[in-house]
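Note that the structure is a prediction, hence the values are computed from the model and not measured.
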Amino acid sequence: MKRQFLLFSIVLLANSLQAQILTIDQTDTSDYVKKSVANGNISIALEGDKQKTLLLDATNALNFQLQHYKELLILAASYRFTYDGGQDFLNSGYIHLRWRHDYKNTWQPETFVQYQWDNSRGMLKRFITGENARYGFWHKNNWELSAATGVMYETETWNYTAVDSALKPSIEKNQTTSLLKSNNYIKLEGKTSANSNLSFIVFYQAPFNNFFTHYRIANSVRFSVSFSKHFDFAIAFASLYDSKPVVPIGKFYYNFSNGIAYKF
C-alpha cells in the first residue's frame, strides 16, 4: 500500500533536528515594541503502512516565540516515533525553553533549559541548563553575526542499544554522566532574498578541566524559502562530533532534512 500523508509531510526542520545540540533562535532586526508579539511554526506528519503488521511513523514539531518589549521567550518541542506491530524502534524528542533579555542589544544574557531523548542512539535522557553571555558583532540589513560563551550543567543517561556487539560489556549497565561544561557558539543568519533565509551555526561544548580533549563540536545549516504567507519550505543539515561518547558509539553523527512547515 502506498503511504498516505495526513496534513502535510515533513522530516523536521533545522531547529527541530534530532541532534544533541539544538539551534533554537532566529534573527530579528526590527526595533523594540512595547506590545507583545507572538509567532511560531508547527508541523505534524503521520504515515501508515500495513502488510503483516501496521507500520506508523509520526513527526510533530513546535517552535513558539513570545516577544514583550526587551524580553524574548522561545519554546521548542519535537517528538518522533516509528511503531511496527508492537515494537517501538525509533523514539526521540526534546523540549527546549530559552529566555533572552535585552535581545536586540550588543551584549545580552540568555538562559536555557532542555530535556531530550533519542532511544535509537541509546540516549535515554539528557538534561541541560545554563547561562550564556551573547555578543552581536553586527545586526543590520536583515543579517546578524553573533557569538556566545557561557556555562551549563549537563546530565545524561545512555544504554548500549546502538553499540556494536563486539564492544558491549558482559553486563550492560546504563551509564550516567553529570558535568559542568563551557558552552560556546558562533552564528550567522540573514535573508538571502525577500523570501529566503540562511542560517549557519557552530557549537563547541567541553568540561572546563578537559577543554581540548573531551569536547563536542557541532554545526547546523538551514536554508528556507517562504512560498506563501503561512508556509515555508526548508532544507537543513546538522552534524556532531563527540570526542569521548558516554558509551562506545560512533564519534561522528549527522542528519539532514527537508520539509514544509506552517507558520503563524
Enter the distance from [X]:[atom1] to [Y]:[atom2] here, rounded to the nearest 0.5 Å.
X	Y	atom1	atom2	answer
D242	I217	CG	CD1	11.5 Å
L167	D164	CG	CG	5.0 Å
L72	L66	CG	CG	8.0 Å
S78	N60	OG	CG	7.5 Å
Q67	Y103	CD	OH	4.0 Å
N209	K181	CG	NZ	11.0 Å

Which heavy atom of [X] sits nearest a heavy atom of [Y], and at what distance?
X	Y	result
F112	M152	CZ-CB, 4.0 Å
N197	G190	OD1-O, 3.1 Å
P169	E172	O-CG, 3.8 Å
Q108	N105	NE2-O, 3.4 Å
P245	G250	CG-O, 4.5 Å

Determine yes or no for a side-chain-to-main-chain donor-acceptor pair under 3.5 angstrom, with [X] supplying the side chain and [Y] the backbone.
X	Y	answer
T157	K125	no
N132	R134	no
Q114	H96	no
S36	H68	no
T155	T177	yes

- For side chain to side chain contact (heavy atoms under 4.5 Å, CB included), just list the numbers for Y94 and Y79, CA-CA rounded to whole Å, side-chain angles, deciding distance to a tenth of an Å, and then say yes or no. CA-CA 7 Å; Y94 65 81; Y79 177 62; over 6 Å; no

- Item | Ring centroid separation Y115 to F127 under 6.0 Å | no

- Task: Quick one: list whatever passes side-chain contact (heavy atoms from CB on, under 4.5 Å) with T192, sequence neighbours left out.
- Result: W143, S196, L198, F223

Please enumerate all residues that pass side-chain hydrogen bond (donor to acceptor under 3.5 Å, both in side chains) together with [X], with sequence neighbours excluded.
X	result
K263	S226, D232
H214	none
S228	none

- Stacked cation flag R121 on Y253, 6.0 angstrom / 45 deg: yes

- Given the rule in the side chain to side chain contact (heavy atoms under 4.5 Å, CB included) test, do L240 and R216 qualify, once you have shown the distances and angles that lead to the verdict? CA-CA 7 Å; L240 169 74; R216 285 174 179 156; 4.1 Å; yes

Would you kindly confirm whether [X] and [Y] end up in one hydrophobic cluster when ILVMFWY residues are joined by side chain heavy atoms under 4.5 Å apart?
X	Y	result
I128	Y153	no
Y254	F200	yes
W158	L179	no
F237	L188	yes
I95	W99	yes

- Message: Between E110 and K187, does any side-chain N to carboxylate O distance fall below 4.0 Å?
- Response: no

- Message: With a 4.0 Å cut-off on N to O distance, would you call R126 and E154 a salt bridge?
- Response: yes

- Query: Between T161 and N159, does any side-chain donor sit less than 3.5 Å from a side-chain acceptor?
  - Reply: yes

- Task: Compute whether any side-chain donor of one residue and acceptor of the other, for S182 and N184, lie under 3.5 angstrom apart.
- Result: yes

- Below 4.5 Å, heavy atoms only, C-beta onward: do F203 and N219 meet side chain to side chain? no

- Query: Do L180 and F208 come close enough that some side-chain heavy atom pair is under 4.5 Å?
  - Reply: yes

- Mind telling me whether Y204 and F211 have parallel, tilted or perpendicular rings, with 30° and 60° as the class edges? tilted

- Note on the structure: By ring pair (Phe, Tyr, Trp, His ring centres under 6.0 Å), F137 pairs with (sequence neighbours left out) Y135

- Listed by chain and number, what are the ring pair (Phe, Tyr, Trp, His ring centres under 6.0 Å) partners of Y69, not counting sequence neighbours? Y32

- Residues N174, T176; criterion side chain to side chain donor-acceptor pair (under 3.5 Å); working and verdict: CA-CA 7 Å; N174 292 346; T176 299; over 6 Å; no

- Message: Take a 6.0 Å sphere around NZ of K168 and say whether it holds more than 12 heavy atoms from other residues, nucleotides or ligands.
- Response: yes

